[in-house]
There are 2 protein chains.
Amino acid sequence: MQSGHIEVTSLGREVYRRVRSMITTGQLRPGGPLTLRSIADELGVSTTPVREAFRLLQADGLVQYGRRSVTVTSLSVHEVESLFQIRLRLEQLAAQWAIDKITSADVADIEDLLDQLDASVQDQERWRILNQDFHRRFYDCADSVHLLEYIEKVWSSVEPYMAIYASSMENFHAANVEHRQMFEAIRARDLEALLVLTAHHLEVTAAQVVSQLLREPSDS
Amino acid sequence: MQSGHIEVTSLGREVYRRVRSMITTGQLRPGGPLTLRSIADELGVSTTPVREAFRLLQADGLVQYGRRSVTVTSLSVHEVESLFQIRLRLEQLAAQWAIDKITSADVADIEDLLDQLDASVQDQERWRILNQDFHRRFYDCADSVHLLEYIEKVWSSVEPYMAIYASSMENFHAANVEHRQMFEAIRARDLEALLVLTAHHLEVTAAQVVSQLLREPSDS
DNA sequence: CGTTGTTGTTTGTGATCACAGACTACAGAC
DNA sequence: GTCTGTAGTCTGTGATCACAAACAACAACG
């Protein structure tokens, strides 16, 4: 148990969270090899819970099984673009549902998150988390665990590539402006405007990610 | 090994397919309990591959983990309706992509499937498979493994409840008529018409499933 | 020098064992 | 009669061992 303690719930679930986090934060790069032993040793557990975690990650599409090797899933440009399109449709559906059900308390919460987001352009990791919270908090209002689950699944698929995107601070400012516009549409209950803004927001993000992806040849 | 042989690939994957099939065909009812031992004994394997299969099924949302028990996921009416909406958005996206890329060979294949579908209104199980093939064959043309994967995930979530729907032969005939209309739109490359027909098709199906669901109180 | 056969190591897979937590049921006390 | 405490069993979890397939390195042969 050198790297860190693992305590409650189930080891398998904890390993899942850890490895998933390593992948989505870019700590484990797409295409990189994974072995049961290395993860098990790093986390100080046996290989059994690691295997369970890998199965979950496999179903999430975050890892790929080869004949005898497990690797972090690597996406082509075409796949990333597809995933952003899928994400757009799902988020538009969530926006549609959420805008009908959202309360003023929800609006206040979201505005608070937005303020924090503005204040966090300096802190990469914090901004990333808050960005997630902002979107999640709004889509939570759609009141569909399944839709949220699907959105988060797509999200985590492209997240490893977002880490690259998130390295530039200019992107943060641009995104914050767009977030603020989206928020105004939410507050005004203007679904049409929100759908357009969401589409725009994702297009811009996708374009950034893809351009970064083209710059450094993927290791797949 | 009383029930059947398990041979190639990996036991875990095979168990996954078997249990998944049992769930989606309605052989294992929503809400029903699952135990590692019972499945392991039934398939003549140890519990290890069953655990891996359960993890996959968990990520698919087909089984739920309780404190100490595993059960087949049971959906509320609201959840079923949500899932059909999600499915609609995804299938509309797939239709949009597919209609641009579909070739005349694809069209011929699909028409063939449609003919077989017409001839299979008597055979419940065969019709179910062909229905899947029909939709899948078209959405394959969208050329996005991810989108197809998501569609199939939603599909398998609601499939246990489709088994009930599929018990009535009238539904088959109505569905076949709708399939034929959708096919004509595909052949004519008429996206707008196809989107409307798809929406209608899913609405009708959803309504049938929900009405059946309301009739017999779910055992969750 | 290139190719092929062989050996040794690595790695995922499946089975088995030990364990802890939770549900069941039976028995005793009020 | 009802409630409660306790023993027993069931079930998922984690660790460990045995195994087979595949990749890598090296040596032998053409």
Side-chain angles (χ1 to χ4, degrees), chain A residues 1-20 22-23 28-29 31-74 219-220, chain B residues 1-20 22-23 28-29 31-74 219-220:
Chain A
M1 246 187 251
Q2 55 194 68
S3 155
H5 276 279
I6 288 178
E7 351 212 335
V8 282
T9 68
S10 121
L11 278 185
R13 210 71 95 252
E14 192 58 37
V15 172
Y16 167 68
R17 272 184 248 171
R18 294 275 190 111
V19 178
R20 182 190 169 99
M22 290 184 201
I23 294 175
L28 289 171
R29 302 300 282 264
L34 288 177
T35 63
L36 293 175
R37 192 73 57 181
S38 63
I39 300 293
D41 289 346
E42 189 176 337
L43 268 50
V45 299
S46 88
T47 59
T48 307
V50 180
R51 281 166 65 181
E52 309 223 334
F54 277 17
R55 290 299 176 200
L56 254 15
L57 291 166
Q58 177 192 17
D60 281 347
L62 287 177
V63 306
Q64 286 171 317
Y65 269 68
R67 316 159 193 280
R68 179 165 280 74
S69 64
V70 184
T71 55
V72 179
T73 298
S74 180
D219 39 350
S220 66
Chain B
M1 245 185 251
Q2 55 195 65
S3 155
H5 276 280
I6 289 178
E7 351 211 333
V8 282
T9 67
S10 120
L11 278 184
R13 209 73 95 252
E14 192 59 35
V15 172
Y16 167 68
R17 272 184 249 171
R18 293 276 191 110
V19 179
R20 183 192 169 98
M22 289 185 203
I23 294 175
L28 289 171
R29 302 300 281 263
L34 288 177
T35 63
L36 292 175
R37 193 72 58 183
S38 63
I39 300 294
D41 289 346
E42 189 175 339
L43 270 48
V45 298
S46 90
T47 59
T48 307
V50 180
R51 281 166 66 180
E52 309 226 332
F54 278 16
R55 289 300 175 198
L56 256 14
L57 291 166
Q58 177 192 18
D60 281 348
L62 287 177
V63 306
Q64 286 171 317
Y65 269 67
R67 316 162 195 278
R68 177 156 94 282
S69 65
V70 185
T71 56
V72 179
T73 297
S74 181
D219 38 349
S220 65

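Numbers restart at 1 for each chain; the letters A, B, ... are given by sequence-line order, proteins then strands.
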Between OG1 on residue B:Thr73 and CG on residue B:Leu57, distance to nearest 0.5 Å: 9.0 Å
Contact summary for B:Arg51 and A:Thr48, nearest pair of heavy atoms: NH2-CG2, 3.6 Å
Donor/acceptor link under 3.5 angstrom from A:Arg51 side chain onto base of D:dG14: no
Closest to the B:Thr47 side chain, choosing from C:dA15, D:dA15, C:dT16: C:dT16
Test log, rule side-chain contact (heavy atoms from CB on, under 4.5 Å), inputs A:Thr9 and A:Glu14: CA-CA 7 Å; A:Thr9 68; A:Glu14 192 58 37; 4.1 Å; yes
Short side-chain N/O contact to D:dG12 OP1/OP2 from B:Ser69, under 4.0 Å: no
Min side-chain heavy-atom separation A:Glu42-A:Met22 under 4.5 Å: yes
B:Asp41 CG to C:dG14 C1', straight-line distance once rounded to whole Å: 15 Å
Side chain of A:Leu36 - closest among C:dG14, D:dA15, C:dG12: C:dG12
Touch class at under 4.0 angstrom, heavy-atom based, for B:Arg67 against every strand present: sugar-phosphate
Sugar-phosphate only, base, or nothing, as touched by A:Thr35 at under 4.0 Å among non-hydrogen atoms: sugar-phosphate
Check: B:Arg68 side chain, C:dA22 base, donor-acceptor under 3.5 Å: yes
Distance, rounded to the nearest Å, where B:Arg55 contributes CZ and D:dT13 contributes C1': 9 Å
Cation-pi check, B:Arg55 onto B:Tyr65 ring (under 6.0 Å, within 45° of axis): yes
Rounded interatomic separation in angstrom, taking CD from A:Glu52 and P from C:dG12: 15 Å
Touch class at under 4.0 angstrom, heavy-atom based, for A:Arg13 against every strand present: nothing
Atom-to-atom span, CD of A:Glu14 to C1' of D:dT13 - whole angstrom: 15 Å
Distance, rounded to the nearest Å, where B:Ile39 contributes CD1 and D:dT11 contributes P: 12 Å
Euclidean distance, atom CZ of residue A:Arg37 to atom C1' of C:dG12 [Å, nearest integer]: 10 Å
Earlier contact from the 5' end, DNA chain C, for A:Val70 and A:Thr48: A:Val70
